[in-house]
There are 2 protein chains.
Amino acid sequence: MENVRNLFQLLSRNFGLLNEQCCDNCCGQEISPVQSHILYEINRQHQPSMQEIAGALGMDITTFSRQVKTLVDKGFVKKTPHPADNRINILSLTPEGLGIENNINLTVNTQLHSVLSTMTEFERETVIRSIKLFNDAMQKSTSSCCTPPK
Amino acid sequence: MENVRNLFQLLSRNFGLLNEQCCDNCCGQEISPVQSHILYEINRQHQPSMQEIAGALGMDITTFSRQVKTLVDKGFVKKTPHPADNRINILSLTPEGLGIENNINLTVNTQLHSVLSTMTEFERETVIRSIKLFNDAMQKSTSSCCTPPK
DNA sequence: GACTTATAATTGCGAATTACAAATATTAAG
DNA sequence: CTTAATATTTGTAATTCGCAATTATAAGTC
């Protein structure tokens, strides 16, 4: 059995570092890697509730609640009560939050493209397609983990 | 410019979850994801010093020092003074530490292979080769980040 | 409608993690 | 021998984390 863990251990480490570096470089002290994940996911989903984002990120809901609170205090996230169910809060990015999110996007993309630019066109496309493929497979496989069956 | 951040954001998230899940499943309470990274890197390098491991992981040396201390207390890591320079501590895994590391390796590999098993042989090999390729490119590109020039 | 149960989110709390600044220990340089 | 440099640890305070308990709202039952 080939040792694929090696590959992914390095991959996750590298990306983790890149992620922190980005938070420092492009957002100063105003955001942490975890918070960057949260902004990303709020932006991605359509009118998500707290549970939905926390679930997607595999975060404990109480930890998530506090992180959201600080993001609200910073003015990056807005909580809107669900019109049909007052228990639920709909999360959305404020214009400032969206600005930060776009900033991160740009910075990370630039860095990644700089890494990818050392490859040939063919390699680059293969790599991108491969990761897409892998993510899909992963999603199917781990969906049972983060969204408990009941 | 294609949005490659998307891919890597999901990738790192998925692997992060998988990593935590592994720490819970295969090691119980006795190890955290950060500590798993440390064991991995100690095992990988040849008679590494504290600085070398902390540098490779991009960790603050004081945080690293404390994490190593808890790993020593748990009996997974050994610190040996460098014969020629008493300031330096050489890090190594104890038999128990190596056991844990092998355990993690096996568990993560099994899970990853389960994910990869949904692909065709060709896809699988392409994915593995691609990640290898990308790690190499990343390594070259970020080496300046984690090992500051001086 | 009153009462119980279920769900969404927050808060109390203690433990673990983090990083800056300062201290310690050892070696190297002049 | 004194000073500067390097490796590691400790003081300390802020942040993060997750379990248990709490609050607030909604849904189900009689």
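Worth saying up front: this structure is predicted, and the values here are computed from it rather than measured.
Between the P atom of D:dA7 and the NZ atom of B:Lys79 lies a distance of 15 Å, rounded to the nearest Å. D:dA7 atom C1' lies 12 Å from atom NE2 of B:His82, rounded to whole Å. One can place CZ of B:Arg66 at 18 Å from P of D:dT16, the figure rounded to the nearest angstrom. A straight line from CE of B:Met59 to P of D:dT9 spans 13 Å, rounded to a whole angstrom. We find that CE of A:Met50 is positioned 15 Å from C1' of D:dT25, with the value rounded to whole Å. If you take CD of A:Gln51 and C1' of D:dA24, they are 14 Å apart, rounded to a whole angstrom. Atom C1' of nucleotide D:dA14 and atom CG of B:Asp60 are separated by 14 Å, given to the nearest angstrom. Atom-to-atom, NZ of A:Lys69 to C1' of D:dT16 comes out at 15 Å; the value is rounded to the nearest Å.
Toward the 5' end of DNA chain D, the nearer of the two residues A:Ser32 and B:Ile61, judged by each one's closest nucleotide, is B:Ile61. Judged by closest nucleotide on DNA chain C, A:Asp85 is the one of B:Ala84 and A:Asp85 placed further toward the 5' end.
Residues B:Asp73 and B:Lys69 are paired through a salt bridge, judged by an N-O separation under 4.0 Å between the basic side chain and the carboxylate. A:Glu96 has no carboxylate O lying under 4.0 Å from a charged side-chain N of A:Lys78, or vice versa, which leaves the two without a salt bridge.
Taking 4.0 angstrom as the limit, B:Ser65 places a side-chain polar atom (N or O) nearer than this to OP1 or OP2 of D:dT9. Contact annotation: A:Gln67 reaches the phosphate of D:dC17 (side-chain N/O to OP1 or OP2, under 4.0 Å).
Nucleotides of DNA chain C that come within less than 4.0 Å of any heavy atom of chain B span, from the 5' end to the 3' end, C:dT17 to C:dT27.
Judged purely by atom type and a 3.5 angstrom limit, B:Asn109 uses its side chain to pair as donor or acceptor with the backbone of A:Arg5.
Among B:Glu123, B:Glu125, B:Arg124, the one residue that satisfies the side chain to side chain contact (heavy atoms under 4.5 Å, CB included) test with B:Leu116 is B:Arg124.
A:Tyr40 and A:Asn105 share no side-chain donor-acceptor pair at under 3.5 Å.
When the side chain to side chain contact (heavy atoms under 4.5 Å, CB included) test is applied to B:Thr107, the partners found at least two apart in sequence or on another chain are B:Cys22, B:Cys26, B:Asn103, B:Gln111. Taking B:Gln67 as the reference, B:Gln35 meet the side chain to side chain donor-acceptor pair (under 3.5 Å) condition, with sequence neighbours excluded.
Across D:dA7, D:dG11, D:dA26, the shortest atom-to-atom separation from the side chain of B:Arg87 is found for D:dA7.
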